[in-house]
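Starting off with a structure, shown below.
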Amino acid sequence: MIRVTVWNEFVQEQMEGKEAILKVHPGGIHETLKGILAEDDQMQIRTATLEMPECGLSEQVLNDTDVLVWWGHVAHDRVPDEIAERVRQHVLRGMGLVALHSAHLSKPLTRVLGTSCTLKWREGDRSRVWTVDPTHPIAQGIPAYIDLPEEEMYGEFFDIPTPEDQVFISWFAGGEVFRSGCTWKRGYGKVFYFQPGHETNESYHNPHIRRVIQNAVRWAMPTIRMDVLDCPHIERALEADWK
Ligand code: ZN
């Protein structure tokens, strides 16, 4: 089984204007994401939100998490530094991190990547998500492109480290392009950022977008999970002197 924790700040769903979000995500964005992953019977999914003690991300929860999926937007700064650092440490030790849409500015992602992750944006556009690495595990079963009739424009320059795999690039009707599906490795952990998922848009109901998120979680599974990261002193491997 793949143990997944879906984290959503779950703030806009309870604020003024929430109706537009709840129409698309009746149980909150975390419940929509949980539903996407539950289509795969190999996934064991729990959800966590900002309002829970320790944001629902205790050491115990993270120890029991293979892949953490993150959605946040208006409350990045309400995630305590201590929790963000805890997530970072777990990623470095092997936990996968899948950051979605406005999680580009989340504390866990910016700390793991080490750049500002700033970009340009505009609500209410049309998007075409191009698959630019069709052999990548995250692109399996995904067509040459995915059309999203309504999605928020995210544009370059996107201040990220050069992706290790560029899996998707999105085009927007305003003429912009954006590196919308990117992977990195950090320590023993695998990280994927994926742009679609503006809170009032239907992108998470698109079957191809759902498949990308499922593939991403599978891809981000830990290969090795370290208990600690340290610098052990070691004895020489070779007995003979180099002379
Ligand atoms: Zn958005």
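Atoms within each ligand, like the ligands themselves, are counted from 1 in listed order. Quick note: residue numbers are just sequence positions, from 1.
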Can any side-chain N or O of Trp184 pair as donor or acceptor with the backbone N or O of Pro161 at less than 3.5 Å?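 Judged by distance alone, yes, a pair lies under 3.5 Å.
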For the pair Tyr193 and His104, name the ring-plane relationship: parallel under 30°, tilted 30 to 60°, perpendicular over 60°. perpendicular
By side-chain contact (heavy atoms from CB on, under 4.5 Å) - contacts of Lys18 (at least two apart):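 Scan of Lys18 (side-chain contact (heavy atoms from CB on, under 4.5 Å), adjacent residues dropped) gives Leu22.
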Would you say the side chains of Asp133 and Thr135 form a donor-acceptor pair under 3.5 Å? yes
Nearby protein N/O/S atoms (those under 2.8 Å) for the Zn ion (ligand 1), with water ignored: His101 NE2, Glu152 OE1, His198 ND1
Other ILVMFWY residues reachable from Ile224 by side-chain steps of under 4.5 Å: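 Joined to Ile224, directly or through intermediates: Leu92, Tyr188, Met226, Leu229.
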May I ask you to list the residues sharing a hydrophobic cluster with Met1, side-chain cutoff 4.5 Å, ordered by chain and number?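 Taking Ile, Leu, Val, Met, Phe, Trp and Tyr as members, Met1 stands alone, with no cluster partners.
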